[in-house]
Amino acid sequence: MNKPSIGYGIIGCGMMGQEHIRNVALVSGAHVAAIHEPDPTMMAIALKLAPDARPVSSIEELVSSPDVDCILIASPNFCHIGHLEEIAAIRSLPVLVEKPLFTAAVDDARVAALHEKLPLLWVAMEYRYMPPVARFISDADEVTGGIRMLTIREHRFPFLVKVGDWNRFDVNTGGTFVEKCCHFFDLMRLILKSDPVRVMASGGQAVNHVGERYDGRQPDIWDHGYVLVDFATGARAMLELCMFADGSRYQEEISAVGANGKIECHVPGPGRFWPEELGPAPVAQVTVSPRHPASPRTLDILVDPDLLAAGDHNGSTFYQHQRFVNAVRGDGQVEVTLRDGWWAVIMGLAAHRSAREGRTVHIADEFRVPR
């Protein structure tokens with residue numbers, strides 16, 4: 001007997017919400033049932049992508065709809081915690097919420113209160129599901145013999161234009177190390193299987209958005225930085241971010257090194273940004289480099305072109321939705337928990353604090369560590 005299709009209710013249909021809609025359409029046994037989006041232009045685009053979906057005028061109407069089996073939150077960062085609370089007050093539906101889970105340290109108690117009210121809450125950390133990153137994660141311990149050093153580099157394009165330019169200001173995003181880099185802090189914890197204890201960072205705004213003004217205000221969002229993180233196991237990790245490196249061949253590069261060897265992965269940026277005159281866009285790769293005998297080898301990681309065309313995250317959004325739908329059906333577990341999302345934000349907030357104050361931040365001394 002075929003199981004009925006899972007109906008999504010979607011909150012927020014800007015660029016990321018539209019990517020989610022395109023990927024839900026590719027998932028067998030799932031569809032978009034209803035959409036809440038206050039911006040008329042974004043709503044019109046969303047309904048073209050999901051012509052059978054119903055527009056609704058409020059979150060209450062969306063969550064109360066009998067044809068909605070789960071909720072996707074893709075609204076601006078500063079809305080996430082409030083939307084989660086509103087959903088929890090109406091109906092305990094499964095929720096996939098875009099990162100970051102929250103944007104300010106004072107919100108962490110609000111997040112903790114959601115644990116009992118929304119037992120199936122999955123934080124959208126797409127980078128886990130990029131095929132080259134997934135291969136890297138699965139092979140890293142065997143190749144390295146136990147990771148001692150982990151490095152993540154993202155060299156990419158500047159922040160894109162969003163509705164109302166909300167992403168130009170830290171008060172709305174949580175700051176670049178939260179808004180953009182929570183993905184990488186999540187990967188650090190996942191790959192190293194450990195929690196962070198100490199963060200040291202340096203960052204700022206050097207190139208991007210300095211000439212822009214919004215109601216007389218200059219954007220304060222950072223465009224580059226370094227973050228060093230010490231973990232409880234003794235492993236060390238580093239993040240290098242540059243958001244004025246549009247010309248890079250690869251957008252993300254991750255390396256892990258241990259006593260036995262090194263493993264790297266290289267992930268291209270969105271294909272729509274690759275210059276056509278340069279020919280085909282780069283292909284994702286994983287390189288394994290044993291120490292003894294020294295014999296580096298590189299494997300191309302091919303991704304279905306339909307998945308690449310459906311979004312900017314190397315096919316990962318599709319795989320994330322596959323697993324989320326399985327969890328909604330009771331055929332799988334939540335893979336990115338509220339605790340995972342909480343830690344990713346705390347690490348970003350600690351990095352901002354370290355960079356602004358010029359000091360090392362000991363997380364247990366300054367944040368309420370999630371249990």
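Positions are given from 1, in the same order as the sequence printed here.
Using a 4.0 Å cut-off between a side-chain N of Lys or Arg and a carboxylate O of Asp or Glu, Arg156 and Asp246 do not qualify as a salt bridge. Comment: Lys180 engages Glu154 in a salt bridge, judged by a side-chain N to carboxylate O separation of less than 4.0 angstrom. A salt bridge links Asp107 and Arg110; the closest N-O separation between the charged side-chain nitrogens and carboxylate oxygens is under 4.0 Å.
Counted by atom type alone, Glu61 and Ser65 present zero donor-acceptor pairs between their side chains at under 3.5 Å. No hydrogens or angles considered: a donor-acceptor pair under 3.5 Å links the side chains of His20 and Glu98. For the 3.5 Å distance criterion, the side chains of His83 and Glu86 fail to qualify, holding no donor opposite an acceptor. Inspection of the Gln285 and Thr298 side chains reveals no N or O donor paired with an N or O acceptor under 3.5 Å. Between Asp223 and Gln205, the side chains place no donor N or O within less than 3.5 Å of an acceptor N or O (distance only, hydrogens not considered).
In the hydrophobic cluster analysis, where Ile, Leu, Val, Met, Phe, Trp and Tyr join through side-chain heavy atoms closer than 4.5 angstrom, Phe102 is grouped apart from Phe78. Side-chain heavy atoms closer than 4.5 Å link hydrophobic residues (I, L, V, M, F, W, Y) into clusters, and following such links, possibly through other members, connects Ile10 to Val95. Hydrophobic clustering places Leu72 together with Leu47 (ILVMFWY residues linked when any side-chain heavy atoms are closer than 4.5 Å, directly or through intermediates). Two different hydrophobic clusters hold Val197 and Val229 under the rule that ILVMFWY side chains link at heavy-atom gaps under 4.5 Å. When the side chains of ILVMFWY residues are joined at heavy-atom separations under 4.5 Å, either directly or via intervening members, Val257 and Val286 end up in two distinct hydrophobic clusters.
Here side chain to side chain donor-acceptor pair (under 3.5 Å) pairs that include residues 26-51, with residues two or more places apart or in two chains, are Ser5-His31.
Side chain of Asn167 to main chain of Leu160: a donor-acceptor pair is present (N/O by atom type, distance under 3.5 Å, no hydrogens or angles). Checking side-chain atoms of Arg153 against main-chain N and O of Leu241 turns up no donor-acceptor pair under 3.5 Å. Looking only at distances, a side-chain donor or acceptor of Asn172 sits under 3.5 Å from a matching main-chain atom of Trp166. Side-chain N or O atoms of Asn77 include none that pairs as donor or acceptor with a backbone N or O of Pro100 at under 3.5 Å. Panel note: side chain Ser92, backbone Lys117; a donor-acceptor pair is recorded below 3.5 Å. Between the Asn314 side chain and the Ser316 main chain, no donor and acceptor come within less than 3.5 Å of each other. For Ser64 (side chain) and Glu60 (main-chain N/O), a donor-acceptor pair under 3.5 Å exists by modelled atom type. Checked by atom type and distance alone, the side chain of Arg213 pairs as donor or acceptor with a backbone atom of Val210 at under 3.5 Å. With hydrogens and angles ignored, the 3.5 Å screen pairs no side-chain donor or acceptor of Asp300 with any backbone N or O of Val283. At distances below 3.5 Å, at least one donor-acceptor pair connects side-chain atoms of Arg91 with backbone N or O atoms of Val63.
At least one side-chain heavy atom of Arg339 sits less than 4.5 Å from a side-chain heavy atom of Arg189. With contacts defined as side-chain heavy-atom distances shorter than 4.5 Å, the pair Tyr8/Ile71 does not qualify. The shortest side-chain heavy-atom distance between Trp342 and Phe367 does not fall under the 4.5 Å cut-off. Within the 4.5 Å cutoff, no side-chain heavy atoms of Arg198 are placed close to those of Ile363. The side-chain heavy atoms of Arg168 and Asp220, taken from C-beta on, include no pair separated by under 4.5 Å. The shortest side-chain heavy-atom distance between Val345 and Val111 does not fall under the 4.5 Å cut-off. Proximity of Pro270 to Phe157: side-chain heavy atoms (C-beta onward) are separated by under 4.5 Å at one or more points. Counting only heavy atoms from C-beta outward, the side chains of Met243 and Thr176 approach each other to under 4.5 Å.
In terms of heavy-atom proximity, Ala327 sits nearest to Trp122 at CB-CZ3, 4.1 Å. The minimum heavy-atom distance linking Thr144 with Ile263 is given by the pair CG2-CG2, 4.2 Å. Across all non-hydrogen atoms, the minimal contact from Phe231 to Ala237 is CE1-CB, 3.8 Å. The nearest pair of heavy atoms linking His155 to Ser248 is CB-OG, 3.5 Å. Closest heavy-atom contact between Cys13 and Gln18: O-NE2, 2.9 Å. Looking at every heavy atom in both residues, Leu349 comes nearest to Thr103 through CD2-O, 3.9 Å.
Taking the six-membered ring for Trp, Tyr129 and His313 have ring centres at least 6.0 Å apart. Close placement of the Trp222 and Phe177 rings is indicated, their centers lying within 6.0 Å of each other.
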| request: Start with the C-alpha gap between Ile21 and Ile35, add the side-chain angles, then the distance that decides, and say whether side-chain contact (heavy atoms from CB on, under 4.5 Å) holds. | output: CA-CA 10 Å; Ile21 292 173; Ile35 297 170; 4.2 Å; yes
| request: Determine, stepwise, if the pair Asp331 / Arg323 fulfils salt bridge (Lys or Arg N to Asp or Glu O under 4.0 Å). | output: CA-CA 9 Å; Asp331 297 331; Arg323 288 164 170 77; over 6 Å; no
| What's the verdict on side-chain contact (heavy atoms from CB on, under 4.5 Å) for Leu121 and Val334, showing C-alpha distance, side-chain angles and the deciding distance? | CA-CA 7 Å; Leu121 196 161; Val334 173; over 6 Å; no
| message | Applying side-chain hydrogen bond (donor to acceptor under 3.5 Å, both in side chains) to Thr287 and Glu264, what does each step give before you reach the verdict? | response | CA-CA 5 Å; Thr287 299; Glu264 305 163 83; 4.8 Å; no
| said: The test is salt bridge (Lys or Arg N to Asp or Glu O under 4.0 Å); show your working for Lys99 and Glu179 and say whether it passes. | reply: CA-CA 7 Å; Lys99 57 79 187 170; Glu179 202 287 335; 3.4 Å; yes
| task | Please assess Arg54 against Asp67 for the test salt bridge (Lys or Arg N to Asp or Glu O under 4.0 Å), listing each intermediate value before the final yes or no. | result | CA-CA 10 Å; Arg54 293 180 297 104; Asp67 58 345; 2.9 Å; yes
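In this structure, CG on Leu239 lies 9.5 Å from CE on Met347, to the nearest 0.5 angstrom. A distance of 13.0 Å separates CG in Asn260 from OG in Ser289, rounded to the nearest 0.5 Å. The CG atom of Asp108 sits 4.5 Å away from atom CZ of Arg368, with the distance rounded to the nearest 0.5 Å.
Enclosure of atom NE2 in His115 is not indicated, since only 12 or fewer non-hydrogen atoms of other residues, nucleotides or ligands lie within 6.0 angstrom. Summarising the local packing, CD of Gln322 is surrounded by more than 12 heavy atoms from other residues, nucleotides or ligands at distances under 6.0 Å. In the displayed structure, Glu116 atom CD is contacted under 6.0 Å by at most 12 heavy atoms of other residues, nucleotides or ligands. Other residues, nucleotides and ligands contribute more than 12 heavy atoms inside 6.0 Å of the CZ atom of Arg22. Within a 6.0 Å radius of CD in Gln333, other residues, nucleotides and ligands contribute 12 heavy atoms or fewer.
Between Arg128 and the options Ile191, Leu187, Val133, a side-chain contact (heavy atoms from CB on, under 4.5 Å) holds for only Leu187. Considering Val199, Val361, Ile346 in turn, Val361 is the only one that fulfils the side-chain contact (heavy atoms from CB on, under 4.5 Å) rule with Glu366.
Residues passing the ring-ring contact (aromatic ring centres under 6.0 Å, His included) test with Tyr250 are His266, sequence neighbours excluded.
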